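Working notes, beginning with the structure itself.
Counting convention: from 1, in listed order, for ligands and their atoms alike. Predicted model only: the values in this text are computed from it and were never measured.
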Amino acid sequence: MQSSVIGYPRIGAHRELKFASEKYFRGEISASELRATASELRKLHWTTQRDKGVDYIPSGDFSFYDSTLDVAALLNVIPARYRELKVQDPIDVYFAMARGTQGVQGDVKALAMKKWFNTNYHYIVPELEDTTEIRVVDDSFFDGYRQAKELGIETKPTIIGPFTFLQQCRVVGTRAKESYEAELIAAYKAIVARAAELGVQWLQLEEPSLVRDLTEADRKRLVAFYDALASVKGATKLLIQTYFGDVRDCYEDLVALKVDGIGLDFVEGRQTLELVRNHKFPQDKVLFAGVVNGKNIWRNNYAKTLELLTELRTLAANLVVGTSCSLLHSPYSLQYETKLEETAKARLAFAQEKLGELHELSVLIEDANYQQNAAYIANGVANALQTHNDPAVQARVAAIKDADYTRLPAFEERMAIQRDAFKLPLLPTTTIGSFPQTAQVKSTRSAFRKGQISKEEYETFVKEQIAGCVRLQEELGLDVLVHGEFERNDMVEYFGENLAGFLFTVNGWVQSYGTRCVKPPIVFGDVSRPNAMTVKWSVYTQSLTSKPVKGMLTGPVTILNWSFPREDVSLKEQALQLALAIQDEVLDLEKNGIRVVQIDEAALREKLPLRRSDWESEYLVWAIPAFRLTHSKTKPETQIHTHMCYSEFTDIIPWIDAMDADVITFEASRSQLQILDSLKENNFKTQVGPGVYDIHSPRVPSVEEIEATLQKELEKVEQKKLWVNPDCGLKTRDVPETVASLSNLVEAAKRTRAKLQ
Ligand code: GLN
Ligand code: ZN
């Protein structure tokens with residue numbers, strides 16, 4: 001059986017592309033040096049795949065920043081403000097769209113960036129203007145194909161398909177999206193025709209949008225697009241590749257199209273197998289079966305996969321074994337993990353190991369006695385290795401009762417009790433947690449990690465930072481203080497490192513956007529909290545001031561969403577284990593005199609299912625209860641805050657209210673009115689602190705500006721429920737701008753209060 005890879009990571013095993021790009025941005029290397037690095041990486045990635053025996057190797061999956069942006073640039077979807085830049089090399093227009101530019105080239109902001117489906121990868125949102133003329137600007141799309149061909153490797157060029165590309169675009173002018181369709185299809189036809197001319201054997205069109213809820217009109221559009229492309233394909237075969245779910249709304253349309261291959265996801269697509277079972281898969285098409293998970297790091301389960309492939313063989317005459325999505329979402333290779341125990345490593349597979357799995361599966365499926373095959377047996381042995389099973393944790397989760405999800409007394413009563421207990425002014429002021437992580441903070445932490453300074457020295461340093469931070473907040477006149485989070489470099493990693501059940505990699509980098517990579521922790525076993533994680537710091541901070549100090553925790557859903565989750569137990573089970581660990585911490589903080597606790601759920605919205613119809617039944621149904629569990633046992637006078645950011649919440653407002661926090665602060669200064677309207681419409685009960693200024697920018701907001709914002713907020717939120725705070729944590733900001741901004745924030749709150757009383 002043949003094997004296929006949808007896409008390969010491109011940043012480089014040691015993030016070579018990241019470092020070269022950053023050098024280029026700083027003017028330290030030329031565009032041609034950057035291109036040379038890219039070319040070396042591509043070569044390495046193709047030869048690696050070839051050597052591992054992959055039959056369908058992708059080209060065109062490489063990107064200097066993002067694949068959606070690549071298609072936009074290729075199809076001339078370049079807003080006028082970028083065309084007008086004075087650039088030395090055309091790649092600078094591309095980078096300006098990705099990152100903005102300021103200086104000799106001109107002054108433009110970047111295009112918007114959004115999460116790519118349900119991943120932590122972000123794509124650049126192309127803009128369609130009234131004057132946009134869609135056409136293929138040059139032949140560069142096939143550069144990769146040609147380069148690989150010279151190396152003797154026939155690749156499968158891949159590009160985001162027209163249906164998905166158009167969905168991801170944002171119309172900024174007055175035209176309807178449909179008005180771009182004719183040009184768009186003409187351009188894609190030109191690409192297909194060119195592929196045929198070059199003798200390309202297979203062209204892959206990636207259409208993840210097909211796994212979302214589709215309308216009748218969407219289905220018609222899909223059919224029209226691909227009928228048009230099929231008419232010019234000549235001898236080139238077209239593969240429509242879907243991923244991140246199943247295509248239940250358009251399966252019948254897909255199999256009837258005049259294309260040659262259809263790629264389906266059998267990992268995340270819960271209904272994929274049913275679809276193929278219930279409707280005959282056409283004998284003249286190739287089924288590219290996505291069975292090796294492209295976005296999680298666990299070793300494949302051969303027993304299960306081979307059973308699936310065996311059945312698929314009876315359903316589809318032509319079968320290729322493949323990845324479920326691009327391997328872009330996996331780290332490169334386990335070979336660099338020098339610190340992982342062998343028993344842990346044995347259960348994992350990163351991109352390179354996944355290539356090996358594809359190969360082994362393609363061989364095993366041809367072997368009638370595969371169960372006796374050494375590779376099969378080794379896989380079974382590895383998957384049977386269990387680590388960190390903790391019966392006590394499992395029993396504790398099993399013993400959770402319905403009542404454990406409910407905090408008593410109810411919100412309104414708690415609010416009255418807390419008002420008396422805290423005696424805060426109207427419009428209380430606070431911050432989201434972190435204060436600027438100065439170069440000194442970072443270098444001291446890194447010195448500690450490298451063993452260059454002792455634990456005592458490090459902790460003394462952190463205490464000094466905390467003391468300075470408290471002094472500053474008191475001088476500024478803030479009402480509810482924080483400790484500043486100087487001991488953390490990351491809000492998930494810090495907790496992962498302090499909880500049992502997590503594994504950390506040394507080189508498990510995954511691209512998040514452009515040159516930014518993340519190293520998600522791995523939930524490796526049952527999670528529990530051996531020791532208090534934050535109490536020491538919070539208690540120390542509270543000892544320095546008579547004002548209330550917020551204990552600062554990350555919530556269970558966010559920890560889970562920013563980690564690689566287990567696959568042997570449900571997400572719900574993992575979220576509940578995390579919730580119990582956080583509950584322990586909340587109660588310890590309370591016991592030690594901390595009266596306000598913030599439990600951040602920055603990434604709560606991130607893993608909402610792609611189909612709206614699944615939101616409640618598959619995700620919110622356990623995510624919200626997991627959060628409620630963290631605080632349900634607290635005393636009524638303990639004030640629970642939560643914080644959310646990075647996304648729009650308008651569509652899940654009732655669910656956010658159901659988290660039953662006392663106060664929620666969130667990022668709002670960009671889309672303020674919209675969210676305030678929905679709060680009002682939904683009779684939002686929780687007290688709210690919609691951020692009054694954007695912390696992603698070094699700009700200092702004026703007092704008047706913040707006053708105006710507060711005025712607008714007061715039109716929609718009852719004054720007794722309104723808090724005043726920035727959008728998000730301040731860790732990426734400088735000290736001077738932070739002091740100036742917060743001082744204006746406090747002043748604006750004072751002036752607004754004066755008008756209210
Ligand atoms: N408490 C965290 C901080 O202030 C919250 C960060 C976030 O929401 N992303 O840094
Ligand atoms: Zn935030």
Side-chain angles (χ1 to χ4, degrees), residues 113 115 120 122 429-438 441-442 445 462 465-466 469-470 472-473 478 480-496 498 512-513 516 518 520 533-534 537-538 541 549-563 582 585-586 589 594 596-607 627 630 639-649 656 659 661 663-672 675 688-697 723-735 737-738 741-742 745:
M113 191 165 74
K115 283 198 180 289
N120 196 18
H122 302 68
T429 54
T430 191
T431 62
I432 308 306
S434 58
F435 265 67
Q437 292 248 334
T438 56
V441 171
K442 287 188 208 158
R445 184 169 45 237
V462 172
Q465 294 295 312
I466 291 177
C469 185
V470 168
L472 172 64
Q473 294 174 84
L478 286 155
V480 174
L481 311 193
V482 297
H483 75 287
E485 300 182 27
F486 304 105
E487 79 289 11
R488 308 180 188 174
N489 63 343
D490 178 273
M491 61 189 284
V492 168
E493 190 176 62
Y494 181 81
F495 290 93
N498 283 281
S512 172
Y513 61 86
R516 172 142 175 87
V518 294
M533 305 180 282
T534 64
W537 301 119
S538 291
T541 313
V549 168
K550 274 197 275 195
M552 197 57 63
L553 307 174
T554 301
V557 185
T558 296
I559 296 182
L560 187 60
N561 284 350
W562 282 345
S563 304
I582 299 298
E585 187 73 10
V586 172
L589 285 166
I594 303 302
V596 186
V597 181
Q598 177 172 310
I599 307 161
D600 288 327
E601 282 293 14
L604 182 100
R605 201 184 185 289
E606 191 164 305
K607 293 276 163 75
F627 181 84
T630 62
Q639 191 168 65
I640 300 295
H641 290 218
T642 186
H643 167 72
M644 297 173 83
C645 52
Y646 299 126
S647 48
E648 298 210 349
F649 317 108
I656 297 178
M659 290 161 79
V663 180
I664 169 161
T665 57
F666 49 81
E667 183 179 10
S669 73
R670 292 192 214 180
S671 57
Q672 203 165 62
I675 182 119
V688 288
V692 294
Y693 74 87
D694 179 10
I695 58 89
H696 296 293
S697 149
W723 284 66
V724 185
N725 47 264
D727 261 358
C728 199
L730 302 165
K731 77 174 183 198
T732 57
R733 300 270 57 94
D734 277 348
V735 175
E737 73 208 33
T738 299
S741 301
L742 290 178
L745 177 147

Within-cut-off N or O pair, I432 and ligand 1, under 3.5 Å: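 Yes; at least one N/O pair falls below 3.5 Å.
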K731, any N or O under 3.5 Å of ligand 1 N or O: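 In fact, backbone or side chain, K731 has no N or O that close.
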Residue pair I582 / L553: nearest heavy atoms and the distance that separates them: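 I582 and L553 have their closest heavy atoms at CG2-CD1, 4.0 Å.
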Can you check whether I559's main-chain N or O pairs, donor with acceptor, with S563's side chain at less than 3.5 Å?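 Answer holds: yes.
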Atom nearest to the Zn ion (ligand 2) - H643, N, O or S atoms considered: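 Going through the N, O and S atoms of H643 one by one, NE2 ends up nearest to the Zn ion (ligand 2).
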W723 side chain reached by P690 side chain, heavy atoms, under 4.5 Å: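 SC-SC contact between P690 and W723 ruled out.
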I want to check something: taking the side chain as every heavy atom from C-beta on, are Y494 and E485 in contact at a cut-off of under 4.5 Å?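 No, side chains not in contact.
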Below 4.0 angstrom from a heavy atom of [X], which ligand 1 atoms are there? Numbered from 1 as shown, please.
X	value
S434	3 (C), 4 (O), 10 (O)
G729	3 (C), 4 (O), 10 (O)
C645	7 (C), 8 (O), 9 (N)
C728	7 (C), 8 (O), 9 (N)
G433	4 (O)
D600	1 (N), 2 (C), 5 (C)

Does E485 come within less than 4.0 angstrom of ligand 1, counting non-hydrogen atoms of the residue?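 Yes.
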Taking atom types as modelled, find out whether R445 and Q437 have a side-chain donor-acceptor pair closer than 3.5 angstrom.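 Short answer, yes.
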Taking atom 8 (O) of ligand 1 as the point of reference, which of M644, E667, H643 owns the nearest heavy atom?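 Closest candidate by heavy-atom distance is H643.
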